[in-house]
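Inspection log for the structure reproduced underneath, given as structure tokens.
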Amino acid sequence: MSNCPNGHRSETDDWCEVCGHRMSAAPAPSAPSAPSAAELCPDCGSPRADLARFCEGCRYDFVTRAGTLTSGTTWTATVHVDHDYFTRVMARSEPEDQGLYVPTYSPDLHIPLTRNVITIGRRRRSTGEAPFIDLDSGSEDPGVSHEHALLVRQPDFTWSLIDKGSTNGTTMNGAEDSVPPYVPVPLKDGDRVHVGLWTTITVHRD
């Protein structure tokens with residue numbers, strides 16, 4: 001077993017099976033082996049790399065074949081342009097940011113959480129790489145980092161939030177202080193996750 005950067009004990013050497021964080025020092029395989037070119041991730045279609053246990057695109061588990069939620073407990077994330085949150089952000093922003101305006105209309109997005117790890121961020125225009133919850137579309141929140149945060153499914157089918165060291169941080173439920181980066185924060189039904197300048201993501205147990 002190995003220790004991940006967050007201190008969790010994990011039987012996998014590439015990604016922590018507790019919090020989903022990339023292991024800081026993944027050992028090289030003992031003997032070279034050719035990856036199965038025909039095996040694609042059933043969740044996102046990415047090719048399996050070097051017989052790795054987890055898909056690099058969406059963290060699908062090739063060993064247990066666990067990707068979508070199968071417990072009968074499902075969760076949904078609602079992405080909302082939050083004018084109250086924007087007002088709080090602007091109240092403590094720098095003078096050069098005072099010319100920013102929240103979108104006047106952007107419909108809520110309801111996104112089922114159907115993977116073990118949900119990425120939150122903004123699309124990279126140079127490569128087209130996009131997170132599962134892409135905040136570069138719709139409201140186009142410029143305060144969100146490309147790799148801002150993760151939602152990680154726990155063994156009991158609840159979820160934890162992990163900020164990935166984002167530039168502007170991540171807060172919850174109207175708090176002023178950001179959650180610590182790279183530390184899993186358990187989520188409850190109805191919790192609100194605030195990112196960027198005006199985006200609130202509310203998680204619901206269906």
Side-chain angles (χ1 to χ4, degrees), residues 1-23 26 39-46 48-49 51-80 82 108-121 130-135 144-145 147-166 169-175 178-195 199-206:
M1 297 182 72
S2 304
N3 284 333
C4 84
N6 292 326
H8 302 121
R9 298 289 288 169
S10 175
E11 294 183 357
T12 57
D13 295 324
D14 47 1
W15 296 82
C16 176
E17 61 186 1
V18 176
C19 69
H21 195 280
R22 186 186 294 273
M23 303 294 278
E39 186 167 16
L40 300 178
C41 173
D43 271 4
C44 70
S46 299
R48 184 179 183 182
L51 298 181
R53 175 173 178 176
F54 294 103
C55 171
E56 293 185 355
C58 69
R59 310 300 301 126
Y60 174 85
D61 190 330
F62 286 101
V63 175
T64 64
R65 301 295 172 184
T68 58
L69 301 182
T70 57
S71 72
T73 301
T74 58
W75 291 68
T76 299
T78 299
V79 180
H80 171 66
D82 190 333
D108 291 353
L109 299 177
H110 303 281
I111 303 174
L113 304 184
T114 57
R115 297 179 179 176
N116 289 327
V117 177
I118 303 294
T119 52
I120 300 171
F132 192 82
I133 298 180
D134 181 10
L135 299 177
V144 176
S145 298
E147 296 182 17
H148 196 103
L150 299 174
L151 300 178
V152 181
R153 183 181 66 83
Q154 302 303 301
D156 61 355
F157 293 93
T158 60
W159 291 84
S160 290
L161 166 72
I162 301 175
D163 179 273
K164 296 192 69 178
S166 61
T170 302
T171 59
M172 286 182 55
N173 299 322
S178 298
V179 301
Y182 302 110
V183 176
V185 178
L187 295 175
K188 303 184 300 299
D189 181 23
D191 274 346
R192 293 169 293 128
V193 177
H194 310 292
V195 297
T199 300
T200 291
I201 302 170
T202 306
V203 294
H204 303 280
R205 183 194 296 266
D206 298 334

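Put simply, the side chain of Asp191 gets close to the backbone of Lys188: a donor and an acceptor are under 3.5 Å apart. Side chain of Asp189 to backbone of Arg205: a donor-acceptor contact under 3.5 angstrom is found.
Atom CG of Asn116 and atom CZ of Arg153 lie 4.0 Å apart (nearest 0.5 Å). If you take CG on Leu135 and CD1 on Ile133, they are separated by 7.0 Å, rounding to the nearest 0.5 Å. Taken to the nearest 0.5 Å, the CD1 atom of Ile120 stands 10.0 Å off from the OG atom of Ser166. With values rounded to the nearest 0.5 angstrom, Ile162 atom CD1 is found 12.5 Å from Ile118 atom CD1.
The two residues His148 and Asp163 have their closest heavy-atom pair at O-OD2, 3.7 Å. The two residues His80 and Asp108 come nearest to each other via the heavy atoms ND1-OD1, 2.9 Å. Across every non-hydrogen atom of Phe157 and Trp75, the tightest pair is O-NE1, 3.1 Å. Of all the heavy atoms in Pro184 and Ser160, the pair that sits closest is CB-CB, 4.1 Å.
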Full working for side-chain contact (heavy atoms from CB on, under 4.5 Å) between Val193 and Thr199: CA-CA 8 Å; Val193 177; Thr199 300; over 6 Å; no
Residues His110, Thr78; criterion side chain to side chain donor-acceptor pair (under 3.5 Å); working and verdict: CA-CA 5 Å; His110 303 281; Thr78 299; 3.1 Å; yes
Walk me through whether Thr119 and Glu147 qualify under side-chain contact (heavy atoms from CB on, under 4.5 Å). CA-CA 7 Å; Thr119 52; Glu147 296 182 17; over 6 Å; no
Trace of the side chain to side chain donor-acceptor pair (under 3.5 Å) decision for His194 with Thr170: CA-CA 6 Å; His194 310 292; Thr170 302; over 6 Å; no
Would you check, one step at a time, whether the test side-chain contact (heavy atoms from CB on, under 4.5 Å) holds for Thr114 with Phe132? CA-CA 10 Å; Thr114 57; Phe132 192 82; 3.9 Å; yes
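Looking at Leu113 and Leu151, their side chains come closer than 4.5 Å, going by heavy atoms from C-beta outward.
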